[in-house]
Amino acid sequence: MALLEVKDLAVYYGVIKALDGVSFTVDEGEIVALIGANGAGKTTTLHTVTGLLPPKSGTVTYHGQDITNLPAHKIVTLGIAHVPEGRRIFQQLSVLENLKMGAYTRKDKKEIAESLEQVYAHFPRLKERKNQVAGTLSGGEQQMLAMGRAMMSRPKLIVMDEPSMGLSPLLVKEVFKIILDLHKTGATILLVEQNAQMALSIADRAYVLETGRIVSEGSGQELLQSDEIKKAYLGG
Amino acid sequence: MEILETLINGLSSGGTYAMIALGYTMVYGIAKMLNFAHGDIIMVGGYTIFVTMGLTGNPILGLLAAVLFCVVLGVVVERVAYKPLRGATPLAVLITAIGVSYLLQSVAQMIFKSSPKMVMIADLGNVEFLGLYIPMYVIVTLICSVIIMVVLSLFVRFTRTGRAMVAVSEDRGAAQLMGISVNRIITVTFAIGSALAAFAGFFMLMKSPSLTNTMGAMPGIKAFTAAVIGGIGSIPGAMVGGIVLGLIEACSYKITVIAPYTDAIEFLILILLLLVRPTGILGKKRREKV
Ligand SMILES: Nc1ncnc2c1ncn2[C@@H]1O[C@H](COP(=O)(O)OP(=O)(O)OP(=O)(O)O)[C@@H](O)[C@H]1O
Ligand SMILES: [Mg+2]
């Protein structure tokens, strides 16, 4: 049984159809990439999975449980964390407060402190700056914070929306290294990326989204070799 | 010495305005709506004090009853009138709020008729202070509002719910992704705002005992303006804005020629302040980092 199963999702913004029958699965322990051009519907897909958007039809099943109509704040408690597009960290709060916000649904203070140490181990930079107001962090640091914040809910499944957006090549590498680290510690990852090259090279499997539909799928390596994909998303 | 007296009076009525402004600004920041009916919650608090004191004669019981009743009313109004409009255009929500405002005023008039009620909370006398005689209610209002503001600030800064309020006001979607129930936070916000309005009603009746169904209207609009001056959505901003308004008012009362036009002068100065700083004293321009 897949950890996450998305079936026939149709999502509208008013009368505009953004997703048109999207189906895919993510198995436990996998890294699955979702790639596609601007406006293809990648963010819409993730928002629907984590409950920020209600679909018109279709289902989202997690661990065998239908979560299609569950509100976002309940879905987090089931073990899905979402690193949103554009980071969306809480700018007025400090780094530490942002991280604690990630553990909002958890009660055990001792366990939260342990998670905090784990996050600091992944991101020493965040520890150095724990009392800094998050709005004053650099773009790269904000991305680290958004990922650290997601880890604080101790998720089984992390969905990430363009974590490499706007970062220098060096930082992009760093972000992908962290994604692999998280994966090694047992997290399952659903990754949306513009940077198809990098995403496909770390993904077990990938789906290609085009104007609201899945148009191809395969292992990361297969898609990297595919001529069509090369032309459309890998710059030749 | 007269300056000191004016200052104390200004800070005291500024404290009352701050109580009201906080309700506007918190609801605006978190529910993203202008709760036009907020001033009328003060009036409902006033009548609750009137009824409770009629039954028991005890002003503290009156205040407690007003806080309780206003909290329930504020939360019910939000659930019944505003919650169904989550996601509707701001104009639809504003018109609904105006409707709620007139509804509350009309119901109060039906129950209590239109002649003013006298609510003598307590004659606390004066305190002598550096040769000045300052009415005790001024001091009580000042001290209470300072305590309330400190407690509220600590609550927002250091409690789980308080920080969730900050998170929701900054980014509702991201807050939901943390596991925060936005509906619950909005309920808490309306409850706090309404409780503060009840306190404001109590302070206002201590100052002037005449109670009518429109007692909340003018202070409501003034405090809303104060919240805008302070930077709408900002809690410290509402405090500063309220106090600035109180000080302007106290100064204006002191100058005989302009005293009768105090309301107009207050709005004039507030408008001028806004021309200088359109985002308000502590308002921030939204910074976006990509
Ligand atoms: N709030 C909205 N209201 C109306 N239309 C929207 C809204 N959000 C997205 N859309 C539309 O839905 C479609 C899918 O958008 P989505 O943000 O999911 O794309 P995306 O694949 O994430 O693109 P990008 O790579 O640029 O982030 C686009 O055509 C977009 O214009
Ligand atoms: Mg997107």
Side-chain angles (χ1 to χ4, degrees), chain A residues 43 46-47 49-54 70-94 96-107 112 133-143 146 149-150 152-153 155 159 161-162 165-167, chain B residues 25-26 28-30 83-84 86-89 92 152-189 230-238 279-280 282-290:
Chain A
T43 298
L46 295 191
H47 280 196
V49 167
T50 55
L52 287 176
L53 270 178
L70 225 51
H73 69 269
K74 294 256 170 66
I75 290 180
V76 199
T77 62
L78 301 176
I80 304 182
H82 185 154
V83 183
E85 186 175 48
R87 292 93 200 224
R88 294 172 71 171
I89 52 159
F90 302 111
Q91 310 231 345
Q92 296 172 49
L93 300 181
S94 71
L96 179 59
E97 286 166 343
N98 266 277
L99 292 173
K100 283 188 175 161
M101 204 53 90
Y104 185 80
T105 57
R106 295 171 57 189
K107 296 275 160 350
I112 294 175
V133 176
T136 62
L137 293 175
S138 74
E141 289 162 350
Q142 293 197 6
Q143 186 60 53
R149 185 180 67 175
M152 290 297 291
S153 66
V159 311
D161 199 342
E162 308 210 22
M165 197 192 352
L167 301 183
Chain B
T25 225
M26 289 168 74
Y28 184 88
I30 289 161
K83 192 177 169 193
R86 214 84 93 224
T89 69
L152 182 70
S153 303
L154 294 176
F155 173 80
V156 170
R157 189 92 187 80
F158 293 112
T159 66
R160 191 175 107 100
T161 301
R163 274 202 293 257
M165 290 168 75
V166 177
V168 172
S169 81
E170 251 199 61
D171 187 331
R172 186 181 284 194
Q176 283 173 289
L177 291 178
M178 302 299 107
I180 296 168
S181 159
V182 169
N183 283 332
R184 189 185 143 258
I185 295 301
I186 290 179
T187 301
V188 170
T189 306
I232 188 84
S234 155
I235 288 178
T279 52
L282 298 181
K284 45 199 160 294
K285 295 174 203 76
R286 268 199 81 75
R287 277 167 310 155
E288 225 103 289
K289 250 193 190 144
V290 206

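Here is the naming used below: chain letters follow the sequence lines, and residue numbers restart at 1 for every chain.
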Counterpart residues, side-chain hydrogen bond (donor to acceptor under 3.5 Å, both in side chains), relative to A:Arg88 (two or more places apart)
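Scan of A:Arg88 (side-chain hydrogen bond (donor to acceptor under 3.5 Å, both in side chains), adjacent residues dropped) gives B:Asp171.
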Minimal non-hydrogen separation, [X] against [Y], with atom names:
X: B:Glu170; Y: A:Gln91; result: OE1-N, 2.6 Å
X: B:Arg163; Y: A:Lys100; result: NH2-CD, 4.3 Å
X: B:Ser181; Y: A:His73; result: CB-NE2, 3.5 Å

Less than 4.5 Å to any heavy atom of chain B: does that hold for the side chain of A:Pro84, its backbone, both, or neither?
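Contact with chain B: side chain only.
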Which atoms of A:Ile80 are under 4.5 Å from chain B, going by heavy atoms: the side chain, the backbone, both sets, or neither?
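Interface part for A:Ile80: neither.
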What distance do [X] atom [atom1] and [Y] atom [atom2] have between them, rounded to the nearest 0.5 Å?
X: B:Leu177; Y: A:Thr50; atom1: CG; atom2: OG1; result: 5.0 Å
X: B:Gln176; Y: A:Lys74; atom1: CD; atom2: NZ; result: 11.5 Å
X: B:Ser169; Y: A:Phe90; atom1: OG; atom2: CZ; result: 9.5 Å

Can you say whether B:Arg172 sits under 4.5 Å from chain A via the side chain, the backbone, both, or neither, judging by heavy atoms?
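No part of it gets close to chain A.
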Taking A:Thr105, A:Leu93, A:Leu52, A:Ile75 one by one, which has the highest count of heavy-atom pairs under 4.5 Å against chain B?
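So the answer, after comparing A:Thr105, A:Leu93, A:Leu52, A:Ile75, is A:Leu52.
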Neighbour count >12 (heavy atoms, 6.0 Å) for atom CZ, B:Arg86:
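Counting other residues, nucleotides and ligands, CZ of B:Arg86 exceeds 12 neighbours.
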